[in-house]
Visitor: 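Please read through the structure below; I'll follow up with questions.
The sequence lines fix the lettering, A, B, ..., with proteins before strands; numbering per chain opens at 1. Not measured: the values here are computed from a predicted model.
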Amino acid sequence: MGECPHLRPKAKDVSPLIQEILIEVAKETPEQWQVRLEALAPELIEELNTKKEPDKGLKALDLEEGQKVVMRFAPNPNGPPTLGSTRGIIVNSEYVKKYGGKFIIRFDDTDPQTKRPMLEAYDWYVDDCKWLGANPDEIVIASDRIPVYYDYARKLIEMGHAYVCFCDGADFKKFKDAKQACPHRDASSEDNLGHWDKMLSGEYEEKSAVLRIKTDITHKDPALRDFGAFRIVKTPHPRPEVGDKYNVWPLLDFEGAIEDHELGMTHIIRGKDLMDSEKRQGYIYKYLGWEYPKTTHWGRVKMHEFGKFSTSGLRKAIEDGEYSGWDDPRLPTLRALRRRGIFPEAIRKFMIEMGVGETDISLSMDTLYAENRKILDPIANRYFFVWNPVEIEITGTEPCTTTPALHPTKDRGCREIEVDNKVYICKEDAEKLEEGSKIRLKDLYNLEITSMEPLQAKYLGNSIESVKKEKMRIIHWAPMDGISVKVLSPDGEFTGIGERQIATELDKVVQFERFGFCRIDAVAGEVVAYYTHK
RNA sequence: GCUCCGAUAGUGUAGCACGGCCAAUCAUGCAGGACUCUCACUCCUGCGACUGGGGUUCGAAUCCCCAUCGGAGCACCA
């Protein structure tokens, strides 16, 4: 019908005819269909056989042919980047890669008080962006550019679009809720300029005055009625280059509005919590005759594995020793994921395939782990690590050496393990045994349990055929001269014994068989490993 | 209270701007099986969704209205 619009008026007549034909066709066999299709339209057969490739990844951006983009990621560095931050980093930088242009990191660090920036975090953001493959073309720090914001503020006051308001917060809210102008709204530009200068020079105390942008005080959406643009904060900024230079600080809506224009932003992609913010900023753009960048939003993201946590709450928990630091494996910070051996490529893929939807989503780390496992499995060497180790004594054989492969399918050589008359096995494996049970020590030999306490076994040959025939359990083990290993995981700590050769894998991700992937974090004395995932 | 968004399998996601190629994609998850000297990997099979109700239309996941549910904003936070 789409192809033959002239039939549309006759749709009522056409559809019974089609129905009849369909009934006829349904009586035939698939083989008959094949024959008829070959006669009618052979090209369709190929089309049927090729699977539809759905659009993967990010949707096209709204722009003109050949246009380059300028996009930004704008964090407040009041804590370390987290998995949540990566959405902004990856989506924005990916578009810049796709269309060409500029990717900017802009630190919106204009609150020295409530969400006070953390000095180390500036570098963390830049580092983590680079690690994720999102190299910034430019780094902008808002607290370096306060005079720029002051200039625009003055301009808006002169134009009569901004006023200094001395209302108490609660009083202003009453006026606003009643759609009424507060007493200061109609002051002259001259008066306002005078007040503004006094704000800047520090004559007013904190909370006593605020610069507001005039919008429409009767707007039906209360969120859009006259909003604050600057406030007085006398707490010095943590950056030494800024310190106590300023008494008056811009609020996000103002600072962001000015910077997005100054930096030539073409597109903005950010959380939908900032949707109203955009409408407020629209007034500033209108007054200054600017055009607002094109915007897209994403919804709230929650990870099943991580509850709600605030940066400030987390900071306290770390200070209290509840977590070992910002890279504690239980945390969703990028530093932690990095330390655990999550690869940036996996995070990128995860974020890109998630796309940019306005729906609030709640997702599981499993999907990220699955991506990461695809990268890890071919490159991770295999080792034995026995957690909660118990000794088992073996009789009936001589000390020997075994050489299991480092990888089950890739040819990467072997490791070498010497075995005397005792090995370690996991307590949870030992608990399933009883006198007379037969087990296979993987890559070693077969045993029959002769005593449970103490745990003893006798050598039963090393025929793998009899393992299969008798369906023996195959368990892993560790030699008596193994190395102590401590694994830190989101679910707690595991300690035990591993092969000595693990110590050569510093900073690599290995797989502890029947346990999971781990990144070897330290090898001095004992091995410390961070659990990656199953 | 006012305002603004959104809703497709367990979880994400494609399809929706322009209604018919949708008996709805892909991934992950789960279940079963094959392979395997790991509980990993790989392979095969299966499970599973258009929030509900009206309307428009020959035809609705797609357009319109209502309801329900979820989220956000109404800060001198970002």
Side-chain angles (χ1 to χ4, degrees), chain A residues 1-3 8-16 18 44 47 51-56 59 74-76 78 108-111 113-117 165 167-169 172-173 176-177 179 206-212 219-225 227-233 248-249 251-253 255-256 271-277 279-280 297 299-301 304 311 349-350 353-355 357-364 366-371 373-374 376-378 380 382 384 404-405 407-409 440-444 462 464 467-468 472 474-476 511-517 534:
Chain A
M1 200 69 75
E3 281 168 27
R8 245 177 218 151
K10 295 183 181 161
K12 248 179 191 154
D13 307 321
V14 174
S15 83
I18 294 175
L44 287 181
E47 206 180 307
K51 274 192 176 171
K52 279 187 286 184
E53 270 295 321
D55 285 347
K56 276 266 157 87
K59 283 179 205 159
N76 174 10
N78 64 334
D108 286 345
D109 61 342
T110 56
D111 177 10
Q113 209 165 52
T114 326
K115 288 194 175 166
R116 189 174 169 81
C165 172
C167 290
D168 180 63
F172 182 78
K173 186 171 162 43
K176 189 191 64 183
D177 287 345
K179 300 188 183 180
E206 284 187 12
K207 305 264 177 196
S208 66
V210 56
L211 186 79
R212 289 188 193 284
H219 198 287
K220 64 171 181 166
D221 183 349
L224 303 191
R225 298 173 200 154
F227 62 92
F230 286 84
R231 59 172 180 154
I232 301 169
V233 178
V248 175
W249 288 89
L251 291 154
L252 177 77
D253 284 340
E255 178 265 330
K272 67 175 182 182
D273 48 318
L274 264 22
M275 267 176 153
D276 284 324
S277 172
K279 291 181 193 153
R280 286 192 285 262
H297 307 95
R300 261 172 68 108
V301 187
H304 294 318
T311 310
K349 213 164 165 223
F350 177 66
E353 285 184 3
M354 194 160 79
E358 284 192 22
T359 322
D360 298 314
I361 54 178
S362 166
L363 27 89
S364 157
D366 283 347
T367 319
L368 174 61
Y369 292 160
E371 290 297 345
R373 192 150 38 226
K374 281 179 202 155
L376 241 38
D377 190 75
R382 270 55 172 175
F384 292 147
H407 194 280
T409 53
R440 166 72 173 187
L441 295 181
K442 187 169 186 288
D443 299 309
L444 191 60
N462 60 0
I464 196 68
V467 171
K468 286 179 182 165
M472 287 182 209
I474 300 168
I475 65 171
H476 68 290
Q511 189 199 41
F512 290 150
E513 296 193 33
R514 305 210 304 145
F515 182 74
F517 294 93
K534 188 90 197 146

Visitor: What's the spacing between Lys176(A) NZ and Cys167(A) SG if we round to 0.5 Å?
Guide: 12.0 Å
Visitor: Quickly work out the Met354(A) CE to G12(B) C1' distance and round it to whole Å.
Guide: 9 Å
Visitor: Look up atom CZ in Arg300(A) and atom CG in Asp273(A), then write down how far apart they are to the nearest 0.5 Å.
Guide: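 The CG atom of Asp273(A) is 9.0 Å from CZ of Arg300(A), to the nearest 0.5 Å.
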Visitor: List in chain and number order the residues that pass side-chain contact (heavy atoms from CB on, under 4.5 Å) with His407(A), two or more places apart in sequence or in another chain; answer none if no residue qualifies.
Guide: Arg382(A), Thr409(A), Lys410(A), Arg412(A)
Visitor: Just to be sure I follow the notation: if a pair is Watson-Crick (purine N1 to pyrimidine N3 plus N6-O4 or O6-N4) or a G-U wobble (N1-O2 and O6-N3), each under 3.5 Å, what dot-bracket string does RNA chain B give, with | for pairs to another strand?
Guide: (((((((..(((.......[.....)))((((((.......))))))...(((((..]....))))))))))))....
Visitor: Any side-chain heavy atom of Leu251(A) sitting closer than 4.5 Å to one from Phe227(A)?
Guide: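 Sidechains of Phe227(A) and Leu251(A): no contact.
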Visitor: Return the set of residues passing ring-ring contact (aromatic ring centres under 6.0 Å, His included) with Phe515(A) (not counting sequence neighbours), or none when no residue passes.
Guide: Phe385(A), Trp387(A), Phe494(A), Tyr531(A)
Visitor: Under 4.0 Å, heavy atoms only, any strand: does Arg116(A) hit a base, just the sugar-phosphate, or nothing?
Guide: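 Result for Arg116(A) = nothing.
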Visitor: So how far is it from Gln113(A) CD to Ile232(A) CD1, rounded to the nearest 0.5 Å?
Guide: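 The CD1 atom of Ile232(A) is 11.5 Å from CD of Gln113(A), to the nearest 0.5 Å.
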Visitor: Provide the distance between the two C1' atoms, one in C65(B) and one in C21(B), to the nearest whole Å.
Guide: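 Going atom to atom, C1' in each nucleotide, I get 29 Å.
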Visitor: Identify whether any heavy atom of Ser362(A) sits under 4.0 Å from a base atom; if not, whether one sits that close to sugar-phosphate; answer base, sugar-phosphate or nothing.
Guide: sugar-phosphate
Visitor: List the residues meeting side-chain contact (heavy atoms from CB on, under 4.5 Å) with Ile474(A), not counting sequence neighbours, and say none if there are none.
Guide: Arg440(A), Lys442(A), Val467(A)
Visitor: Could you tell me how far apart Arg212(A) (CZ) and C74(B) (P) are, to the nearest whole angstrom?
Guide: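 Taking atom P of C74(B) as the reference, CZ of Arg212(A) is at 12 Å.
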Visitor: Starting at atom CG of Asp253(A), determine the distance to atom P of G73(B), rounded to an integer number of angstrom.
Guide: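 Atom-to-atom, Asp253(A) to G73(B), this comes out as 12 Å.
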Visitor: How many Å lie between NZ on Lys115(A) and P on C76(B), as a whole number?
Guide: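 Atom-to-atom, Lys115(A) to C76(B), this comes out as 14 Å.
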Visitor: On a whole-Å scale, what distance lies between the P atoms belonging to C16(B) and U11(B)?
Guide: 23 Å
Visitor: Could you tell me how far U56(B) sits from C63(B) if I compare only their C1' atoms? Round to whole Å.
Guide: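 It works out to 8 Å between them.
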Visitor: Looking at Thr110(A), I'd like to know whether one of its side-chain N or O atoms comes within less than 4.0 Å of OP1 or OP2 on A78(B).
Guide: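 For A78(B), OP1/OP2 do have a side-chain N/O of Thr110(A) under 4.0 Å.
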Visitor: CG of Leu368(A) versus P of G29(B): gap in Å, rounded?
Guide: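 Whole-Å distance recorded here is 12 Å.
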Visitor: Hey, is the side chain of Arg373(A) poking within less than 4.0 Å of OP1 or OP2 on U28(B), counting only N and O atoms?
Guide: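 For U28(B), OP1/OP2 do not have a side-chain N/O of Arg373(A) under 4.0 Å.
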Visitor: Send over the distance from Gln511(A) CD to A40(B) C1', rounded to a whole Å.
Guide: 4 Å
Visitor: Within the structure, does a side-chain N or O atom of Arg300(A) lie under 4.0 Å from either OP1 or OP2 of A72(B)?
Guide: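 Affirmative; the distance criterion is met.
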Visitor: Look at the side chain of Lys272(A) and the backbone N and O of His297(A), then say whether any donor-acceptor pair between them is shorter than 3.5 Å.
Guide: no
Visitor: For A17(B), decide between syn and anti, treating a glycosidic angle within 90° of 0 as syn.
Guide: syn
Visitor: For nucleotides 30-37 of chain B, read 5' to 3', which letter fits each nucleotide if B means a protein heavy atom sits under 4.0 Å from the base, S means only the sugar-phosphate is that close, and - means neither?
Guide: -------B
Visitor: Could you work out the separation of G53(B) and A14(B) based on their P atoms and round it to a whole Å?
Guide: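 That atom pair is separated by 25 Å.
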Visitor: Can you list everything that forms a salt bridge (charged side-chain N to carboxylate O under 4.0 Å, His left out) with Asp109(A)? Sequence neighbours excluded, please.
Guide: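 Partners of Asp109(A) by the salt bridge (charged side-chain N to carboxylate O under 4.0 Å, His left out) criterion come out as none, since no residue qualifies.
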Visitor: Indicate, with a heavy-atom threshold strictly under 4.0 Å, whether Ile475(A) touches base, sugar-phosphate, or nothing.
Guide: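 Here Ile475(A) touches no strand at all.
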Visitor: Got a second to check how far Met472(A)'s CE is from Leu441(A)'s CG, nearest 0.5 Å?
Guide: 10.5 Å
Visitor: I'd like a table of atom pairs between the protein and nucleotides 42-49 of chain B - only N or O on both sides, under 3.5 Å - with the distance next to each one.
Guide:
none

Visitor: For nucleotides G70(B) and A34(B), find the distance between their P atoms and express it as a whole number of Å.
Guide: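 Per the computed distance, 45 Å lies between those P atoms.
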Visitor: In whole Å, what separates the P atom of A17(B) from that of A60(B)?
Guide: 15 Å
Visitor: If a protein heavy atom is under 4.0 Å from the base, mark B; if only from the sugar-phosphate, S; if neither, -; do that for nucleotides 3-8 of chain B going 5' to 3'.
Guide: SSBSS-
Visitor: What residues, two or more places apart in sequence or in another chain, satisfy side-chain contact (heavy atoms from CB on, under 4.5 Å) together with Leu252(A)?
Guide: Asp108(A), Glu255(A)
Visitor: Is the shortest side-chain heavy-atom distance between Met354(A) and Leu363(A) below 4.5 Å?
Guide: yes
Visitor: For nucleotides U28(B) and A75(B), find the distance between their P atoms and express it as a whole number of Å.
Guide: 45 Å
Visitor: Would you please name every residue forming a ring-ring contact (aromatic ring centres under 6.0 Å, His included) with Tyr369(A), sequence neighbours left out?
Guide: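 Counting only residues at least two positions away or on another chain, Tyr369(A) forms a ring-ring contact (aromatic ring centres under 6.0 Å, His included) with His533(A).
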Visitor: Holding to side chain to side chain donor-acceptor pair (under 3.5 Å), I want the full list of residues that pass it with Lys279(A), two or more places apart in sequence or in another chain.
Guide: none
Visitor: In whole angstrom, what separates Lys179(A)'s NZ from G1(B)'s C1'?
Guide: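 Spelled out: NZ on Lys179(A) to C1' on G1(B) is 12 Å.
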Visitor: Would you measure the distance from the C1' atom in C58(B) across to the matching atom in G19(B) and give it in whole Å?
Guide: 12 Å
Visitor: Assign Pro378(A) to base, sugar-phosphate, or nothing according to its heavy-atom contacts below 4.0 angstrom with the strands shown.
Guide: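 The residue Pro378(A) makes no contact with any strand.
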Visitor: To the nearest Å, give me how far apart CD1 (Ile361(A)) and P (U11(B)) are.
Guide: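 Interatomic distance, CD1 of Ile361(A) to P of U11(B): 12 Å.
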Visitor: With sequence neighbours left out, what residues match Ser277(A) under side-chain contact (heavy atoms from CB on, under 4.5 Å)?
Guide: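 If we apply the side-chain contact (heavy atoms from CB on, under 4.5 Å) test to Ser277(A), skipping adjacent residues, the hits are Asp253(A), Leu274(A), Arg280(A), Gln281(A).
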Visitor: Compare the minimum distances between each of U13(B), A78(B), U38(B) and the side chain of Leu252(A), then state the nucleotide with the smallest one.
Guide: A78(B)
Visitor: Want to settle it: does Ser364(A) or Pro75(A) sit nearer the 5' end of RNA chain B, counting the closest nucleotide to each?
Guide: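 Nearer the 5' end of the strand: Ser364(A).
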Visitor: Testing the basics here: between Phe517(A) and Asp377(A), what is the closest heavy-atom pair and its distance to 0.1 Å?
Guide: CZ-OD1, 3.9 Å
